Amino acid sequence: MTRTRTQVGIVGAGPAGLTLGHLLQLEGIDTVILEDRSRDHIEARIRAGVIEQAIVDLLVEAGAGERLQREGLVHHGIELQFAGERHRIPLSDLAGGRAIVIYGQTEIVKDLIRLRLEAGCPLHFDVEDVSVHGLDTERPLIRYRREGRDEELECEVIAGCDGYHGVCRPSIPAGVLFEFSREYPFGWLGILAEVAPSSDELVYAHHERGFALSSLRSPELSRLYVQCSPDEDLAEWPDERIWDELQTRLGLEGWTLAEGPILERGVTGMRSYVCEPMRYRRLFLAGDAAHIVPPTGAKGLNLALHDVRVLAEALADWSRSGSTAGLDAYSDTCLRRVWQAEHFSWWMTQMLHRPEDHDPFDVRLQLSQLRYVTSSDAAARSLAENYVGLEMV
Ligand code: APR
Ligand code: PHB
């Protein structure tokens, strides 16, 4: 068994782990990132693509936003479609000039991996059997196997950035965490298609056949979703059926959706989940390891990066001054924003998806909410400021 040491051992090389590693490197804090998948796998995984202004600013200020600034598409509004009409929500006008940027999470991950490897900081892919130990001690350990050898990493602090299915959260002793969750009776079938987007802005469509979303990744790539069941069998969705549903649900008089080759497809179930607190002694959870939102509010990635910004500042303060005030406040600081995003994501989800039983009372309520949000300045402003992201705390 080889034993090495670091200040912060980071489990998971998703956006949370990689951004944390980057921010700590700028503070002169040593980190090791351990990832159980291959670099190819995580660089190919298609994920979300809507980034809040404040998160763009964070990455740019940290020197990780060069390509994001060059290739990201700034959007100042979104459209809500219902009852056969589209209504624009002018996000920037309503939210103090702030905007969103369309740039794939996968691209952020690629940028951060490149920067880290160029800087020569440790980032190990394909590690096996990761486990965490000694959480009750001053020197917790991460054990894993790398290139066939057992290794042990002694840490001052462990950051659990290993997503919802990771090992860190389940290693916390029973009785410490309170968990809150909601499963939704639907999922999204998402495709990436090689065709120019048919609308300039994102379109969130309420339709009697179910929700649909038109998004994009670039001027040549469309990203589209249709509501389906959480365990939908992709084999039952040949290309023609996917395009038919998208045409029907997004269709409008005088507008058609341009079709193209489908490059990627997948089904995601929808869930809300929060664990409290986001810390146990020297183990700090960040991102999907601590909370999940349904994608309707486009908040998952943004929340993950907000967590690690708070954590990086707290760790830097601790390392400089010995003060644990930031670390002690970490969970409460993050959870305030997490719950705000949970509420917004739940609210968007329940307003836009076809209810399981298509209860006419629920549908009338949805349409009433949509009319209110697209006709009242106050209601539209509330949507806009949540969508572009609340101010950083
Ligand atoms: N050991 C090492 N790495 C692990 C382990 C493990 N036991 N379990 C999971 N991982 C890795 C995963 O392979 C993944 O690369 O941890 C990483 C977690 O990354 P994400 O799931 O992307 O989570 P996070 O970084 O918190 O980013 C949140 O990602 O899932 C989306 O919608 C979510 O946009 C949000 C963002
Ligand atoms: C996406 O482009 O993948 C996307 C956009 C908006 C969402 C969710 C996903 O709400």
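Each ligand, and each atom within it, is numbered from 1 in the order the structure gives. Keep in mind that what you see is a predicted model, and the values were worked out from it rather than measured. Values below: every heavy atom of this structure, side chains too, minus hydrogens, waters and symmetry copies.
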Under a 4.0 Å N-O cut-off, is there an ion pair linking [X] with [Y]?
X	Y	answer
Arg88	Glu201	yes
Arg241	Glu245	no
Glu138	Arg282	yes

Do other residues, nucleotides or ligands put more than 12 heavy atoms under 6.0 Å from the [atom1] atom of [X]?
X	atom1	answer
Arg182	CZ	no
Glu118	CD	yes
Glu208	CD	no
Asp362	CG	yes

With salt bridge (charged side-chain N to carboxylate O under 4.0 Å, His left out) as the rule and sequence neighbours excluded, what pairs involving residues 262-275 come up?
Glu183-Arg271, Arg223-Glu264, Asp239-Arg265
Where at least one partner belongs to residues 3-16, residue pairs that pass salt bridge (charged side-chain N to carboxylate O under 4.0 Å, His left out), sequence neighbours excluded:
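Of all non-adjacent pairs touching residues 3-16, those that pass salt bridge (charged side-chain N to carboxylate O under 4.0 Å, His left out) are Arg3-Glu152, Arg3-Glu154, Arg5-Glu154.
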For [atom], the protein heavy atom that lies nearest, with its residue and separation:
atom	value
atom 27 (O) of ligand 1	Pro15 CD, 3.5 Å
atom 2 (C) of ligand 1	Asp36 N, 3.3 Å
atom 36 (C) of ligand 1	Gln105 NE2, 3.5 Å
atom 1 (N) of ligand 1	Val130 CG2, 3.4 Å
atom 22 (O) of ligand 1	Arg47 NH1, 2.9 Å
atom 13 (O) of ligand 1	Glu35 OE2, 2.6 Å

Heavy-atom contacts with [X] under 4.0 Å: which atoms of ligand 1 show up? List them by number with element.
X	result
Gly14	15 (O), 17 (C), 19 (O), 22 (O), 25 (O)
Gly287	26 (O)
Gly12	3 (N), 11 (C), 16 (O), 17 (C)
Gly166	8 (N)
Val167	7 (N)

Does an N or O anywhere in [X] fall below 3.5 Å from an N or O of ligand 1?
X	value
Ala289	no
Ala16	yes
Gly17	no

Here's one to test your reading of the geometry: is the NZ or CZ of Arg169 within 45 degrees of the ring axis of Tyr164 and under 6.0 Å from its centre?
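So Arg169 does make the cation-pi contact.
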Measure [X] to ligand 1 on non-hydrogen atoms and call it side chain, backbone, both or neither using the 4.0 Å cut-off.
X	answer
Arg37	side chain
Leu301	both
Leu34	backbone
Asp288	both
Cys161	backbone

Which heavy atom of [X] sits nearest to which heavy atom of [Y], and what is that distance?
X	Y	answer
Ala13	Glu35	N-OE1, 2.7 Å
Gly190	Tyr225	CA-CD2, 3.4 Å
Trp243	Ala258	CZ3-O, 3.8 Å

Sub-4.0 Å heavy-atom approach of Arg45 to ligand 1
yes
The side chain to side chain donor-acceptor pair (under 3.5 Å) partners of Glu71 (sequence neighbours excluded) come to Arg67
Is there a chain of hydrophobic side chains (I, L, V, M, F, W, Y, each step under 4.5 Å between heavy atoms) that links Leu216 to Val101?
no
Would you call the rings of His353 and Trp188 parallel, tilted or perpendicular, taking 30° and 60° as the class edges?
parallel
Which pairs of N or O atoms, one from ligand 2 and one from the protein, are separated by less than 3.5 Å, and what is the distance for each pair?
| from | atom 1 | to | atom 2 | distance (Å) |
| --- | --- | --- | --- | --- |
| ligand 2 | 2 (O) | Ser215 | OG | 2.6 |
| ligand 2 | 2 (O) | Arg217 | NH1 | 2.8 |
| ligand 2 | 3 (O) | Arg217 | NH2 | 2.8 |
| ligand 2 | 3 (O) | Tyr225 | OH | 2.6 |
| ligand 2 | 10 (O) | Tyr204 | OH | 2.7 |
| ligand 2 | 10 (O) | Pro295 | O | 2.8 |

Proximity winner for atom 8 (N) of ligand 1, if only heavy atoms of Ile10, Ile108, Val11, Asp162 are counted
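The residue whose heavy atom sits nearest atom 8 (N) of ligand 1 is Asp162.
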